[in-house]
Amino acid sequence: MKQILWFRRDLRIEDNAILAHAQGEVFPLFIFDQNILEKLDAKDKRVTFIYQSVLNLKKELQKIGLNLAIFYDKPEAVFQRLKEKFDEILCSIDHDNYAKVRDKNIEKIIPLKRFNDAFLIDPQEHLNKSHLPYKVFTPFYNSLFYLWESHKIKTLSPANNLQLHDFNYEHVPSLEAMGLKKQILPEFLEQKAEVLLEKFTSKLTAYQKERDFFSLDASTKLSVHLRFGLLSAKQFFNALRPYQASEAVIRQLFFREFYNYLLYHFPHSQFENQKPLKIKFLNNQEDFKKWCQGETGVPIVDAGMRHLNQTGLMHNRLRMVVSSYLTKNLLIDWRWGEAYFAKKLLDYEASSNIASWQWASSTGSDSVPYFRIFNPYLQSEKFDKEGIFIKSVLTELSQLDPKLFHKENGVQSNLFINYPSQIVSIKMSRLRAIEAFKQAKSKP
DNA sequence: AGAGCGTTGTA
DNA sequence: ACAACGCTC
């Protein structure tokens, strides 16, 4: 048996399904997919992260007597060249549309063996008592109680006695050759997943209380590592579950499961409202541009967006604040926001991003009620009272009294500060959104 | 099949 | 209160 081990979003050795299930002669490879790269900005941060992770993986594979061939090509072309020599490809599953279409085409060239490796559960399982997929988080979460109860989930180790297929693929394409520039990444991304995990574990007890506060450093910082599989979901679970205080963070891990599960069962939700609502969005291009650039005149929204643009990161609650502002206050289609996040977020995960935007725009299956609209000023007052986060990003406001950040036109009232005026009044746009969603619902 | 409930809120 | 609905058992 001759197998290609196609690494994609599983850039690790331990608990890796394709390495564990491999047998005989193997050819590990990674493809920098031209179809994907050609659509990216030359300054895309994720590719820098993936690039360094892939080089690390190559070293790790060499330590266990294997290696990694690195291609810059279209997957179809790579496998066309290799098809005579191999019996099958092993890879992990992705449920987003691009991945599904890609894999279907590859399968016509060489048989593909897929493993559910990026998530704890296989979405095909875990149906409700009516044998239908869950649409509400809590019952879904309760159905995973058996997992929660098990303090350890069995992980996988690389298979023994693998032989490396004839290997003369030492050439590694440079980032520049792929049309990309090396980017400076947030410092924590240079650290190994185990190190971040250990640091998080030491402050786990504070997580539940502090996780909502933008300026506190309470989050796991592991979303990017999880996204590209430098750490598996099982490893994450196993490391944290033993602790008393783990419920809150495991719950978030299960949200990740839920959103992957929803995308699997409701693939159309990637493109359309999951609930068949016909909302009359305003979709004003100028407003959208201001939102993207962090020029809305609402300090917490602008700080969140500019921080995203600068770093590729955004705090969970901030994502809710800016997405509520876009879809409700500005009445712009969630798909515009989803696409922008897809371009910018270092931890962009299609399933989580899509479901979260559907949540914010009240179009998803278990989303926020349309009349429960975030007031960005109350959010910043509650979660960034001293304006620490806002000032860290909007440095031109660093001398201001933080109270000004938490009321409409507060900053603008200071005549010495040059800050954009508000696009809309919060009160007016809130009522406008409620009306638009009411209308959408009453349509046949 | 009818009861009970629903991630993150606001005025 | 908001609006009152879909999901789940």
Side-chain angles (χ1 to χ4, degrees), chain A residues 126-145 148 207-214 216 218-220 223 246-262 265-266 269 273-279 298 300-301 304 314-329 334 351-384 406-408 424-444:
Chain A
H126 300 282
L127 301 175
N128 67 22
K129 294 270 149 67
S130 317
H131 304 286
L132 295 169
Y134 289 102
K135 293 180 169 181
V136 174
F137 177 72
T138 303
F140 171 82
Y141 182 68
N142 293 336
S143 83
L144 297 186
F145 186 68
W148 166 252
Y207 179 75
Q208 176 139 40
K209 215 171 69 218
E210 297 184 352
R211 58 183 290 264
D212 273 320
F213 294 86
F214 312 133
L216 295 181
S219 73
T220 66
S223 62
S246 64
E247 203 270 345
V249 71
I250 300 290
R251 190 181 172 81
Q252 295 306 308
L253 185 68
F254 284 10
F255 258 104
R256 181 175 176 274
E257 295 292 320
F258 183 50
Y259 286 164
N260 180 60
Y261 173 96
L262 286 181
H265 287 289
F266 307 101
S269 68
N273 294 342
Q274 193 170 337
K275 279 189 217 154
L277 290 170
K278 292 247 185 292
I279 302 148
V298 183
I300 193 62
V301 173
M314 195 186 286
H315 187 280
N316 168 252
R317 176 163 289 273
L318 224 27
R319 297 185 198 199
M320 293 190 278
V321 172
V322 302
S323 54
S324 172
Y325 183 79
L326 186 79
T327 56
K328 302 290 168 58
N329 297 100
W334 66 267
S351 56
S352 297
N353 205 46
I354 290 160
S356 300
W357 274 96
Q358 294 256 20
W359 180 87
S361 69
S362 304
T363 54
S365 58
D366 188 16
S367 48
V368 65
Y370 69 87
F371 49 83
R372 195 177 288 171
I373 295 172
F374 282 59
N375 180 326
Y377 294 97
L378 290 180
Q379 289 289 315
S380 67
E381 177 155 46
K382 257 194 204 166
F383 300 108
D384 191 22
H406 312 315
K407 55 182 189 201
E408 288 194 60
V424 286
S425 110
I426 295 300
K427 193 174 173 187
M428 177 287 284
S429 57
R430 175 179 178 274
L431 294 173
R432 184 175 72 179
I434 289 175
E435 202 43 47
F437 276 77
K438 248 189 216 169
Q439 290 300 321
K441 196 179 41 158
S442 58
K443 291 256 168 57

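A note on names: the letters A, B, ... follow the listed sequences, proteins ahead of strands, and every chain is numbered from 1. We use all heavy atoms of the structure for the numbers below, so side chains are in, but hydrogens, waters and symmetry mates are not.
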Atom-pair distance ([atom1] on [X]; [atom2] on [N]), nearest Å:
X	N	atom1	atom2	result
A:Phe258	B:dT8	CZ	C1'	15 Å
A:Arg256	B:dT8	CZ	C1'	20 Å
A:Asp212	B:dT8	CG	P	11 Å
A:Gln208	B:dT8	CD	C1'	12 Å
A:Asn142	B:dC5	CG	C1'	12 Å
A:Phe254	B:dT7	CZ	P	16 Å
A:Glu381	B:dT10	CD	P	11 Å
A:Asn329	B:dT10	CG	C1'	12 Å

Using a cut-off of strictly less than 4.0 Å, decide whether [X] has a side-chain nitrogen or oxygen near OP1 or OP2 of [N].
X	N	answer
A:Asn375	B:dG9	no
A:Gln252	B:dT8	no
A:Thr138	B:dC5	no

Can you name the residues that form a side chain to side chain donor-acceptor pair (under 3.5 Å) with A:His406, not counting sequence neighbours?
A:Ser380
List for me each residue that meets side chain to side chain donor-acceptor pair (under 3.5 Å) alongside A:Tyr134, sequence neighbours excluded, and say none if there are none.
none
Residues which pass side chain to side chain contact (heavy atoms under 4.5 Å, CB included) with A:Leu216, listed by chain and number, not counting sequence neighbours
A:Glu210, A:Phe213
Counterpart residues, side chain to side chain contact (heavy atoms under 4.5 Å, CB included), relative to A:Thr138 (two or more places apart):
A:Asn142
Sub-3.5 Å donor-acceptor pair from the side chain of [X] to the main-chain atoms of [Y], do we have one?
X	Y	result
A:Tyr325	A:Val298	no
A:Ser324	A:Val321	no
A:Ser323	A:Ala360	no

For [X], salt bridge (Lys or Arg N to Asp or Glu O under 4.0 Å) partners two or more places apart:
X	result
A:Arg319	A:Asp347
A:Glu381	A:Lys385
A:Asp366	none
A:Arg432	none

Ring centroids of A:Phe137 and B:dT7 base under 5.5 Å with planes under 30°:
no
Is any side-chain heavy atom of A:Lys328 closer than 4.5 Å to one of A:Ser362?
yes
Below 4.5 Å, heavy atoms only, C-beta onward: do A:Ile300 and A:Leu318 meet side chain to side chain?
yes
Using the benzene-type ring in the case of Trp, are the ring centres of A:Phe254 and A:Phe258 under 6.0 Å apart?
no
Return the OG1 to CD distance between A:Thr363 and A:Gln274, rounded to the nearest 0.5 Å.
8.0 Å
Considering only atom [atom1], compute the distance from [N] to [M] and round it to an integer number of Å.
N	M	atom1	value
B:dA1	C:dC7	C1'	14 Å
B:dG6	C:dC2	C1'	15 Å
B:dT7	C:dT8	P	10 Å
B:dG9	C:dA4	P	22 Å

Counting any heavy atom closer than 4.0 Å, what does [X] reach on the DNA or RNA strands: base, sugar-phosphate only, or nothing?
X	answer
A:Phe371	base
A:Tyr370	sugar-phosphate
A:Phe383	nothing

For the side chain of [X], starting at C-beta, report the closest nucleotide among [options].
X	options	value
A:Leu378	B:dT8, B:dT7, B:dT10	B:dT10
A:Gln379	B:dT8, B:dG9, B:dT7	B:dG9
A:Lys382	B:dG9, B:dT7, B:dA11	B:dG9

Which residues within residues 126-134 of chain A lie with some heavy atom under 4.0 Å of an atom in DNA chain C?
A:Asn128, A:Lys129, A:Pro133, A:Tyr134
Testing the basics here: between A:Tyr261 and A:Pro133, what is the closest heavy-atom pair and its distance to 0.1 Å?
OH-CA, 3.2 Å
Could you list where the contact with chain A starts and ends along DNA chain C, reading 5' to 3', using a 4.0 Å heavy-atom cut-off?
C:dC2 to C:dC9
Near DNA chain B, under 4.0 Å by heavy atom, which residues of residues 315-325 of chain A?
A:Asn316, A:Arg317, A:Met320
Base-paired stems that DNA chain B participates in, counting runs of 3 or more Watson-Crick or G-U pairs under 3.5 Å
B:2-6 with C:5-9
